[in-house]
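Taking it in order: structure first as structure tokens, then the write-up.
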Amino acid sequence: MNEPAAAIDGRTLIGLAVDLAEEAGALVAKMAATARSSPTTKSSSSDLVTEADQAAEQLIVDGLLAARPNDAIEGEEGASLPGTSPVTWHIDPIDGTTNYVYAIPAFSISIAAEVDGAMRCGVVLNPTTGERYEAVAGGGATCNGEPLRARRSDVLATSLIATGFGYNAERRRRQAEILVELLPTVRDIRRFGSAALDLCAVATGQVDAYYERGLNRWDLAAGALIAAEAGAVVADLRDGPPGPEFLLAAGPELFAELAPLLRRLEADSGP
Ligand code: IPD
């Protein structure tokens, strides 16, 4: 029998996501030495993948299917399972694979559950530091149990802005052009290399804002909910939901200042 969306408890879903993120985190840590020595590439020479990305995705998919066999699943490394329940899981087994390969401690496991089109819960785990960010829609965001609150900067000139770059060479050129214009107008720029952790950095107040064009659903699903539950506005540049087209996350005042500027810079940088 089909499970009605209203009967699905976000707390149960987040419990499952947290357990699987922890198991996947332990696996990628265990595989680090061998996985790092033989990465391969996907869409371009900067788009890395390792055996650990694939093994961690398989572990998460197996765990989800065992607990909730009727849910749909989408994962970065190819998982694409249709479901019959209202739940779709979005998995990034290692967000920040380049950092993983170079042993930079800024990669994460990101798992989110969408119920009837709305993100219900998400977890982002940094397995190196043990920082585990969680949110359930309407229930706030936490890091290792501590409530999170995004910064309320309202002055662009004194704001620290994180961003990221896609893997397509032409897109990277445009992203760099926009940065040339933005950098002189802000306090500074950060490029950490994991979109999920960038969004958690907005939630903790480690940065004032984060933006990126071209993210995939699995990169942003959990982190966007965590940032929003910490009080940030997370949207595209046209008052729509964040997505592959664009994602900007910032406190409401800074969002209102940054969105028109980014809209103009994006338009100036070409089609
Ligand atoms: C990438 C990271 C990076 C962002 C890229 C993403 P991956 O994810 O999140 O920070 O700038 O757009 O594709 O490939 O490491 O899972």
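None of the values given here were measured: they were computed from a predicted structure. When a ligand or atom number is given, it counts from 1 through the structure's own listing order.
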* Asked: Quick one: which of Leu16, Ile109, Leu65 gives a side chain to side chain contact (heavy atoms under 4.5 Å, CB included) with Ile60?
  -> Ile109
* To do: Check the angle between the aromatic planes of Tyr211 and Phe246 and answer parallel, tilted or perpendicular using the 30° and 60° thresholds.
  => parallel
* Asked: Is there a donor-acceptor contact under 3.5 Å from the side chain of Glu229 to the main chain of Gly140?
  -> yes
* Asked: Taking 4.0 angstrom as the limit, do Asp154 and Arg152 come out as a salt bridge?
  -> no
* Asked: Under a 4.0 Å heavy-atom cut-off, which residues neighbour ligand 1?
  -> Glu76, Asp92, Ile94, Asp95, Gly96, Thr97, Gly164, Phe165, Tyr167, Arg191, Gly193, Ser194, Ala195, Glu212, Leu215, Asp219
* Cut-off 3.5 Å, side chains only: do Asp53 and Thr50 have a donor facing an acceptor? -> yes
* Asked: Does the pair Arg213/Glu266 count as a salt bridge with the N-to-O cut at 4.0 Å?
  -> yes
